[in-house]
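A short worksheet on the structure shown next.
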Amino acid sequence: MFEKLLRIINLKTYYFSRKNVIKAVDNVSLDIFRGEIVGLVGESGSGKSTLGLSIVKLLPPPGKIVGGEIILDGENILKKTDRELRKIRGRKIGMIFQDPLTCLDPLRRIGDQIIETITVHLKIDKEHAREMAIKSLERVGIPPDRIDDYPHQLSGGMRQRAMIAMATVLNPDLLIADEPTTALDVIVQSRIMDLLEDLRNERNISILLITHDIALVIERSNRVVVMYAGKICEVRGAERIAVEPLHPYTKLLIQSIPDIEKTEIELKPIPGSPPDMRNPPQGCRFWPRCPHAMEKCKIEEPQLLSLGEGAVACHLYGG
Amino acid sequence: MTSLKVFIIARAIALIPTILILVTLVFFIMRVLPGDPVIAIVGMKAPMERVVELKKELGLIDENGNEIPLIVQYVNYLMKLVQGDLGRSLIWGKRPVVVEIMEHLPATIELAIAGFLVSLLIGMTLGTIGAGIGGKVNSAVRVYSAVAYALFIPWIGMMLQLVFSVGLKIFPVGGRIGVGLEPPTYTGLYILDSLISGKIDSFISSLKHITLPAVTLGLVISGVFSRVTRVSVEEILKQDFVVAARARGLPEYRIMLHVLKNSFIPILTMMGLQLALLMTGAVLTETTFSWPGMGTFLLERIQYRDYTTVQGTVIFFAIIVSVMNLIVDVCYAYIDPRIRY
Amino acid sequence: MYTFRPILRRMVLKMPLTTIGIVGLSMILFVVFMAVFADFLAPYDPTKSVGLSLQPPSPEHLFGTNKIGQDMWSRTVYGARTMLIVVALSTILSMIIGVPLGLISGYVGGLLDRISTTIMDSIYAFPSLILAIAIAAALGPGIINTAISIAVVYIPTYFRMVRAQTLNVKNQLYVEAAVAIGAKPSSILSRYIFPNVISVVTAVFTLSVADIVLTEAALSFFGLSVPAPTPDWGFDLRAGQPYLVSGYWWLVTFPGLMIIMLAVGFTFLGESVSEYLGLREVGI
């Protein structure tokens, strides 16, 4: 449980446009241990998806990694050639996305897409690959006779299962799941999450679960990482952060979860809106929305400091 | 019955009104318009018997010399058409129009296929390069598409003739094959026939003859294909499944295969729409290069005022284009499983 | 949704032409200039024999002379007039038939719409040049006849786009609301639908003019347009072709270049305008 699988050190991923630079991921460090589920949570635009794509170096065009290291098995991914990267993608790191319909090639049978993934990485014949594909589909609960279906013939939940089968067929060490359940209804959502947890338990896969849903990560992950405006503001164990959030932003996030115990439903949205990333606030990026903002927060940027079992970046705790 | 078969039958039935409308349109244009075609054909001073004879041939009057009402003429024409009879030519031995069309059709098909292949090759290559590289290259491809589309076929053909036939003397100015080199007929396409019969001379000659016309036709139509390829590859490259495929570690060439297959649907649709352009282009190319196909035939018969043949040929064009559109629709349904509902 | 005036203002005053659009517009204006000032630009009567037969370009005859000794430069200049007149006439003809028909068909709907759509779609799917050839052959030569032959072929292009846009606007909530409070069909057509149709008509216009230029050139190349000796580019191209083999290149080069310049000019302008109007996939 304590073996470090992936280390992200001072990662900086920026988007460059003609006029300005958007620091989508700004000096982020994060370790992922083997067999753990890390929940990366934040609003849209917080840089969480960019972080996920940075790990496999698949940023959309104006995006560039300008600094830092990403270490997998002792080797820096960022220094690898395209050819070496392709061997890592799909084999050591699998990825699933929010909308499985748009992420599957609509014109190819799902089985063929899984087989293609296998044969690109392993030197085995087609029949073997097909057996592997069938097994991986069975593993995620898709009957073998659906292997020749086209993506549009499957339901939303089935498609996401097929995506998971495809991403895990080669037994990767790390699975990056970017909003894997957002497009699904609640029941399907929880089944998909059960499936991911089973996979972790059986194969000791690490999962980076990227979502905007704090309740989901608290329920389903071991550790929670909260991102705001390109920076990590808090990292803590899921049970701890639920009862004792430290960063004011985390507190607000947790308060915004609707409580089923209470009869009257009162949603507490976080006041203000996410910062304009072209021109983020000076000092702590959260201060314009923070109920505890001090003069110091407007000037000095808080550092992410270890505190107890986790870490927090806030001047309230000395950062 | 499979869903694909149902689809084909449904589309074939939908073709009938389209063809009927075009036949009607052409029929009435040829009849109602000013001027007496009979006088136009035989001349003012022709003897009365000649005029009566011609009117009978045209189906304007019956055996007793009574005028047949227009609507009855129309129904008669349709009845014959259904049996595959387009009437008889008014000149030179009065042969059936269908027979004459069939003699000229293979030349047009050969040219159209060759031109189409050239345009696909140029268009898809340029379009893929433009979308793949982007930036200045992409803009250049965009300009190419616009210019190529607006090139006037006879002029381009003549410039090629000037350089390659008159100047460099590599390719012949016109015609379909050298004198006396015609291969025995199997398919009617000289290139194929000469290969089947193993006549190397014929093969080389027909290849030399078709090069300039095919390049002329191909260049002009490639504008459309480079545009649609560029736009659709750009679209597909933006889609999530491309990132997802990269995330599975697929090499770029495999990703390009996925992308091309997906962008092929708009390209195929465009092919269907361009069949009409291909026919138009073929007519212009044929007349520029004295290519003995349907276009040359049609214009020659217009000059001789051979109205039954002109009408029959135009109607034949209508039918052939409709049928080709149907074939494209079927291919479309075959490639994309989503449209067979 | 927009009302009439902002659209006009957007289109005419604020139309930002891309580089391509400016190049295209200059090409068109060049040809228009030729046509308008033909009497000053052309030193000779284009229909008369004014020099020796088949002379190469020289200071007296900029573009040389043809078989019967006509001055090719003068014929090229006056050819611009013939071309532009036919293009203008056929565009106006296809618009005044296609646009109202599309509006009514889209607005009224029902059986009328079904019938006219089927007819228009059939014509649209047919190779335009072949239909134009058939009509032109039946009508005989002449400027008006040529314009009619071309117009018939382009009516469906206007019809289809206008009908689609009409349907689109008709189903907007604000139009349904206007119908619900009892607005008359005529006022709905003129106040809500027509203004929205204008941008579509502009796009179809700019995209189809290049086609019309090429169709006119083709008809005249086939000898189905204006009668000789009227100067006409396509006709001169055809007339010069037999002499190509002997190396008389100037007979075909210049008229052909003019056709292409005008067609490319309109294509470039069309590209620019339709991109601006957000209708890139229209037509082509």
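So that the names make sense, note that chain A is the first sequence line, chain B the second, and so on, each numbered from 1.
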Go through the atoms of [X] and report whether side chain, backbone, both or neither lie under 4.5 Å from a heavy atom of chain C.
X: Q311(B); answer: neither
X: V228(B); answer: neither
X: L151(B); answer: both
X: T287(B); answer: both
X: M159(B); answer: side chain
X: L284(B); answer: both
X: T24(B); answer: neither

Of the backbone (N, CA, C, O) and the side chain (C-beta and beyond), which part of [X] lies under 4.5 Å from a heavy atom of chain B, both, or neither?
X: A217(C); answer: both
X: I259(C); answer: side chain
X: S246(C); answer: neither
X: F126(C); answer: both

Once you round to the nearest 0.5 Å, how far does [atom1] of [X] lie from [atom2] of [Y]?
X: D211(C); Y: Y149(B); atom1: CG; atom2: OH; answer: 3.5 Å
X: W155(B); Y: Q241(C); atom1: CH2; atom2: CD; answer: 14.0 Å
X: I20(C); Y: S139(B); atom1: CD1; atom2: OG; answer: 8.0 Å
X: I133(C); Y: T280(B); atom1: CD1; atom2: OG1; answer: 8.0 Å

- Message: Counting heavy-atom pairs under 4.5 Å with chain C, which one of L277(B), L20(B), I21(B), T18(B) comes out on top?
- Response: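 It is I21(B).
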- For chain C, find which of T313(B), I19(B), V283(B) contributes the most heavy-atom pairs closer than 4.5 angstrom.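 Heavy-atom pairs under 4.5 Å are most numerous for V283(B).
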So do [Y] and [X] actually touch side chain to side chain, heavy atoms under 4.5 Å?
X: I119(C); Y: L25(B); result: no
X: V321(B); Y: I130(C); result: no
X: F222(C); Y: I302(B); result: no
X: M279(B); Y: L129(C); result: no
X: V213(C); Y: F152(B); result: no
X: V152(C); Y: I29(B); result: no

- Message: Check this for me: Y248(C), atom OH, are more than 12 non-hydrogen atoms of other residues, nucleotides or ligands nearer than 6.0 Å?
- Response: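 No - once you tally the heavy atoms of other residues, nucleotides and ligands closer than 6.0 Å, there are 12 at most.
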- Query: Is atom CZ of F30(C) surrounded by more than 12 heavy atoms (other residues, nucleotides or ligands) closer than 6.0 Å?
  - Reply: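 For F30(C), atom CZ is not crowded (no more than 12 foreign heavy atoms under 6.0 Å).
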- Message: Between Q161(B) and V245(C) (side chain of the first, backbone of the second, donor and acceptor by atom type, cut-off under 3.5 Å), is there such a pair?
- Response: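 No; zero donor-acceptor contacts below 3.5 Å.
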- Item | Residue selection (most heavy-atom pairs with chain B, distance under 4.5 Å) from D121(C), L131(C), T253(C) |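 Heavy-atom pair counts peak at T253(C).
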